[in-house]
Amino acid sequence: MRVLLVEDDDDLRAVIAAGLREAGFAVDGAGDWPEADVMLHVTAYDCVVLDRMLPSGDSLTRLESRRRAGWSAPVLCLTALDTLNDRLHGLESGADDYLAKPFAMRELVLRVRSLTRRAAERLPAFLSCADVVMDLARREVRRGGVLLSPSPKEYAVLQQLLVHQDSVVTRTALLEHCWDEMADPVSNVVDAVIAGVRRKLGAPGLVHTVRGQGFLMSAGPGPC
């Protein structure tokens with residue numbers, strides 16, 4: 001899941017981004033709305049964590065305008081403005097959730113995870129291929145009934161492969177959905193995580209490499 005974090009305090013933005021990345025999210029950061037607007041134009045985010053008071057003004061004005069234009073990405077307002085009227089104004093302006101500063105990182109992670117889960121409600125509760133079953137609500141993966149322990153990044157990649165089962169998923173698509181702007185597109189980071197997924201799943205192999213294209217998860221034989 002890819003998250004946009006809009007926060008003008010550089011130190012706080014770095015701390016939040018690190019916490020979300022540790023929980024398995026890909027995180028892009030922006031310090032103000034003009035920068036965020038550019039990023040929103042080129043990337044479809046699964047969630048936006050939005051500070052209210054930015055150098056360009058109250059974010060709710062921009063949020064309300066985007067909602068009227070049909071923008072539907074889940075938004076969590078993260079702000080020091082914490083009165084009842086502040087919270088009501090945020091929700092009325094189009095925020096899906098509202099969390100006051102100071103906050104616990106664990107609560108922020110759980111709230112972001114809840115919003116991204118709601119955004120993905122079109123997915124079934126379970127994804128499966130052969131005897132591999134992913135429980136999206138519990139964030140658990142089992143093979144043959146045995147609980148596996150994928151890392152957050154391995155889980156994200158495996159989910160994409162299961163969602164697009166029997167279809168090729170390109171390295172670019174995996175980078176765009178499972179990594180953020182800090183990822184080096186020419187490195188072997190995708191291949192390293194795919195290797196980890198294969199190791200965790202064990203035999204027989206279900207994740208196949210399609211040379212020059214990407215990867216395919218299938219219960220059948222791999223591509224010729």
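Because the structure is a prediction, the values reported are computed rather than measured.
Leu81 and Leu50 fall into different hydrophobic clusters, where Ile, Leu, Val, Met, Phe, Trp and Tyr residues are linked whenever their side-chain heavy atoms come under 4.5 Å apart, directly or through other members. Side-chain heavy atoms closer than 4.5 Å link hydrophobic residues (I, L, V, M, F, W, Y) into clusters, and following such links, possibly through other members, connects Phe103 to Phe25. Hydrophobic clustering places Leu175 together with Val169 (ILVMFWY residues linked when any side-chain heavy atoms are closer than 4.5 Å, directly or through intermediates). A chain of hydrophobic side-chain contacts below 4.5 Å, direct or via other Ile, Leu, Val, Met, Phe, Trp or Tyr residues, connects Met105 to Val3. A chain of hydrophobic side-chain contacts below 4.5 Å, direct or via other Ile, Leu, Val, Met, Phe, Trp or Tyr residues, connects Val132 to Phe215.
A donor-acceptor contact under 3.5 angstrom links the side chains of Thr83 and Asp86, judged on distance only.
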What's the verdict on salt bridge (charged side-chain N to carboxylate O under 4.0 Å, His left out) for Lys101 and Glu7, showing C-alpha distance, side-chain angles and the deciding distance?
-> CA-CA 12 Å; Lys101 300 175 183 176; Glu7 166 62 61; 2.9 Å; yes

Under the side-chain contact (heavy atoms from CB on, under 4.5 Å) rule, what do His208 and Met217 come out as? Steps first, then yes or no, please.
-> CA-CA 6 Å; His208 311 287; Met217 186 162 193; over 6 Å; no

Verify side-chain contact (heavy atoms from CB on, under 4.5 Å) between Val27 and Leu20, making sure each step is shown before the conclusion.
-> CA-CA 7 Å; Val27 185; Leu20 290 172; 3.6 Å; yes

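Taking a cutoff of 4.0 Å between a charged side-chain nitrogen and a carboxylate oxygen, Arg66 and Asp37 qualify as a salt bridge. Under a 4.0 Å N-O distance rule, the pair Arg2/Asp46 does not qualify as a salt bridge.
Taking both residues in full, the closest heavy atoms of Met39 and Ala30 are given as SD-CB, 3.9 Å, listed atom of the first, atom of the second, then distance. Heavy atoms only, all atoms of each residue included: Leu63 and Ala95 are closest at CD2-N, 3.6 Å. Nearest heavy atom pair, residue Val48 against residue Leu40, reads CG2-CD2, 4.1 Å. Annotation for Pro152 and Gly24: closest pair CB-CA, 3.2 Å, computed over non-hydrogen atoms. Contact record, Arg52 with Cys77: CG-SG, 4.1 Å, taken as the closest heavy-atom pair. Here the closest heavy-atom approach between residue Leu206 and residue Ala219 is recorded as CD2-CA, 4.0 Å.
At distances below 3.5 Å, at least one donor-acceptor pair connects side-chain atoms of Asp32 with backbone N or O atoms of Ser56. Of the possible polar contacts, none joining the Lys200 side chain to the Leu148 backbone as a donor-acceptor pair under 3.5 Å is found.
Screening residues 68-82 for side-chain hydrogen bond (donor to acceptor under 3.5 Å, both in side chains), with sequence neighbours left out, gives no hits.
Under the rule for a side-chain contact (heavy atoms from CB on, under 4.5 Å), the partners of Glu140 that lie at least two apart in sequence or sit in another chain are Asp135, Arg138, Arg142, Leu147.
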